Amino acid sequence: MAATTEHPPPSRLRTWMLEGLSDMAGHQQGPYAHAEAPHKGQRWYRVMCLTGVDYFSTLGYQPGIAALAAGLLSPVATLVLVLVTLAGALPVYRRVAEESPHGEGSIAMLERLLSFWKGKLFVLTLLGFAATDFLITITLSAADASTHLIENPHLTHALHGQQMIITLLLVALLGAVFLKGFLEAIGVAFALVAVYLALNAVVVVAGLRHVFTAEHVITDWAGALTTQHGNVFAMIGVSLLVFPKLALGLSGFETGVAVMPHVQGDPGDTEERPTGRIRDTKKLLTTAALVMSAFLITTSFITTVLIPANEFKTGGQANGRALAYLAHEYLGNTFGTVYDLSTIAILWFAGASAMAGLLNLMPRYLPRYGMAPHWARAVRPMVIVFTLIAFLVTWIFDANVDKQGGAYATGVLVLMSSAAIAVTIAARRAAQRGWTIGFATVAAVLLYVTVANVIERPDGVKIGVCFIVGIMLVSFLSRLARAFELRVTSVTLDPMAERFIRDIASRKVRFLANKPGLRDKAEYRDKIEQIRADNDLPQQEDFVFVEVTVTDPSEFEAGLTVHGEVLHDRYRVLTMESTSIPNALAALLLHVRDTTRCTPHMYFEWTEGNPFANFLRFFLFGQGEVAPVTREVLREAEPDRARRPRVHTG
């Protein structure tokens, strides 16, 4: 659409905040555009570090959680977790990367299965669980980072009782990094992950050396394990029962796919066929899974056999910081402090991959559905929104790691289950029998783990429901507020339609809105006679009929293609398909005005029925009280009354 009015230049703050704002067609501009543009981005191993700050940082608390959940059986239970990771989650998300190479993940795959409002509601539900996963990642990781800081022997006295303030400060610093720019986040993540994994390798080697030096450690553990559980089958059974509590160790896959658009790929890649990006994302997922699996097995073993069980409990020195405990115990307080600082840094920045996931996921759906303001496509306003929500979540949970574990696991497991279901359906449609059976098995396992987690820790699903209700409430209020917004992204006329417009522009441009019925000769003749009588127009006035067919009314933005045809050798008819009748008519009128420099007139008949019911029909189904809504859309789109197309209702 051509510009209609002069607007004062935006302030410098507004310009800075809205840098990178996508236009309605989805093209991105500004300094953040490079992250979405074809063939740009970072090498896969650097992007792996961005998702790795979430995935690898769970080493800060995962061994302790496993020890609390499984006790002496922790290494066996962790081995089950690793098998699920490598044989289940990894193949699933490698397939997700193939099916959804632009970072939408399993949500986009499942969205394509459903249409209309049921599809939108389903996506909003999954987005609620995604928000639970990503936001709790931010707050839980920051809370655990503050725990490591406070429990350091050199700082315990000075920082005791300051966990809430420290956690909020860490969340605010994370938001500040993203306000500065996304490439800076990738650079910071690369350095943090490299240092953190190196320090963990040192701790693991030191722990294993001590285990094998003190031979009684292994024999004592094996004897106690046999006494407690009897045989291998009993151990495996108990491990499967406690497995849902260890699900946090699967947390990196969803963010691995979410940051996929930032993988560089090959020079020959296109957005339709990003072959190199898909290949390198598979490398990213596989490498991260293998590295994490090795660390999970070794760290669960050394922490279980070297740390007294009481130290894992609340108030114990290893609670939430098992590897840090070993670092201080066997490598001295100097190395332990360095390890603490590295752990604090990566846990703080673990929220970076979650923030990246939120920034990649939410703006792809909510603005397109009309369920978020247009500025929600810009990075910086969304960073501020997510940071404020993280403040609220931190305050609600009192910056406590254990209280947030259930919600975190629920979000992770629901998203992983949806991914497994999505790839199962994709494999079935591709007639891949073997993959279908394999993915269906993984989906069944993940659904069992999800249900078991919900039964044992219902607070997680309650929090997820709160996020879902919040997203739906905000979404529908936003859609309501934007109900009269012009949301047609482009107008294209075919040659016959252009001919009609050129011809009628030489006289008076008069359109007649018609709801198509039988489309016989009598329908058009009677309609013209009625409109002439209602509006007291002379016989010689000429009309072009306009008919709109509603496609998917739940969609918000779309282009408009106008076709022209002559019916019964005399009636000229413009036909269109759109998500909303009033929006399509208003867009056509504005387009005709801008291309002909004439003021078009549109004639309607009043819609029968209750006005409120008709508005709901428009809001939900794209039709209803067409005449006044068309006029309101025009009024919002064109503030200058003198230039506004005319709407007549008899």
Side-chain angles (χ1 to χ4, degrees), residues 48-66 133-152 155-156 159 162-178 185 188-200 203 248-252 255 288 291-292 295-296 299 303 317-328 336-357 387 390-391 393-394 397-405 407-409 411-412:
M48 182 190 73
C49 292
L50 182 61
T51 184
V53 289
D54 172 21
Y55 196 20
F56 300 143
S57 70
T58 57
L59 292 171
Y61 47 83
Q62 178 73 15
I65 290 175
D133 177 11
F134 292 145
L135 280 167
I136 297 294
T137 297
I138 295 171
T139 58
L140 182 146
S141 299
D144 200 42
S146 64
T147 299
H148 277 74
L149 188 65
I150 292 169
E151 293 297 329
N152 183 276
L155 300 172
T156 299
L159 299 179
Q162 303 300 316
Q163 177 138 355
M164 175 66 75
I165 295 174
I166 295 171
T167 303
L168 292 176
L169 181 60
L170 291 174
V171 171
L173 287 174
L174 179 69
V177 170
F178 276 82
V188 172
F190 182 74
L192 289 177
V193 167
V195 172
Y196 183 67
L197 291 182
L199 292 174
N200 271 285
V203 174
L248 298 185
L250 296 168
S251 65
T255 48
V291 170
M292 188 61 175
F295 274 110
L296 283 174
T299 57
T303 52
Q317 295 183 42
N319 180 248
R321 54 188 301 274
L323 291 176
Y325 176 93
L326 291 181
H328 283 275
T337 298
V338 173
Y339 182 85
D340 280 339
L341 292 174
S342 175
T343 306
I344 290 164
I346 197 170
L347 282 168
W348 159 65
F349 209 64
S353 60
M355 184 72 81
T387 302
F391 284 168
V393 171
T394 299
F397 287 105
D398 198 30
N400 186 288
V401 176
D402 295 332
K403 290 180 181 178
Q404 299 176 69
Y408 187 23
V412 170

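A quick note: this is a predicted structure, and the numbers were derived from the prediction, not measured.
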When you measure from the side chain of [X] to the backbone N and O of [Y], does any donor-acceptor pair fall under 3.5 Å?
{"X": "Asp144", "Y": "Leu140", "result": "no"}
{"X": "Gln163", "Y": "Ile150", "result": "no"}
{"X": "Ser342", "Y": "Val338", "result": "no"}
{"X": "Trp348", "Y": "Ala142", "result": "no"}
{"X": "Ser146", "Y": "Ala143", "result": "yes"}

Distance in Å, [X] [atom1] paired with [Y] [atom2], rounded so as to fall on 0.5 Å steps:
{"X": "Thr337", "Y": "Ile344", "atom1": "OG1", "atom2": "CD1", "value": "9.0 Å"}
{"X": "Phe391", "Y": "Leu168", "atom1": "CZ", "atom2": "CG", "value": "6.0 Å"}
{"X": "Leu347", "Y": "Leu192", "atom1": "CG", "atom2": "CG", "value": "10.5 Å"}
{"X": "Phe56", "Y": "Met292", "atom1": "CZ", "atom2": "CE", "value": "7.5 Å"}
{"X": "Thr343", "Y": "Leu199", "atom1": "OG1", "atom2": "CG", "value": "7.5 Å"}
{"X": "Leu170", "Y": "Ile138", "atom1": "CG", "atom2": "CD1", "value": "12.5 Å"}

Could you walk me through whether Ile136 and Phe397 satisfy the side chain to side chain contact (heavy atoms under 4.5 Å, CB included) test, starting with their C-alpha distance in whole Å, then the side-chain angles of each, then the deciding distance to 0.1 Å, before giving a yes or no? CA-CA 10 Å; Ile136 297 294; Phe397 287 105; 4.2 Å; yes

State, yes or no, whether a side-chain contact exists between [X] and [Y] at a heavy-atom distance under 4.5 Å.
{"X": "Ile346", "Y": "Leu59", "result": "no"}
{"X": "Leu174", "Y": "Thr387", "result": "no"}
{"X": "Thr167", "Y": "Thr139", "result": "no"}
{"X": "Tyr339", "Y": "Val203", "result": "yes"}

Looking at Asp340 and Arg321, does any basic side-chain N land under 4.0 Å from a carboxylate oxygen?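 Here Asp340 pairs with Arg321 in a salt bridge, since their nearest N and O are under 4.0 Å apart.
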
Looking at every heavy atom in both Val193 and Cys49, which two are closest together, and how far apart are they?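 Closest approach of Val193 to Cys49: CG2-O, 3.4 Å.
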
For Pro63 versus Ala322, what's the shortest heavy-atom pair and its separation? CB-CB, 4.2 Å

Give the intermediate values and the outcome of side chain to side chain contact (heavy atoms under 4.5 Å, CB included) for residues Phe295 and Leu197. CA-CA 9 Å; Phe295 274 110; Leu197 291 182; 3.8 Å; yes

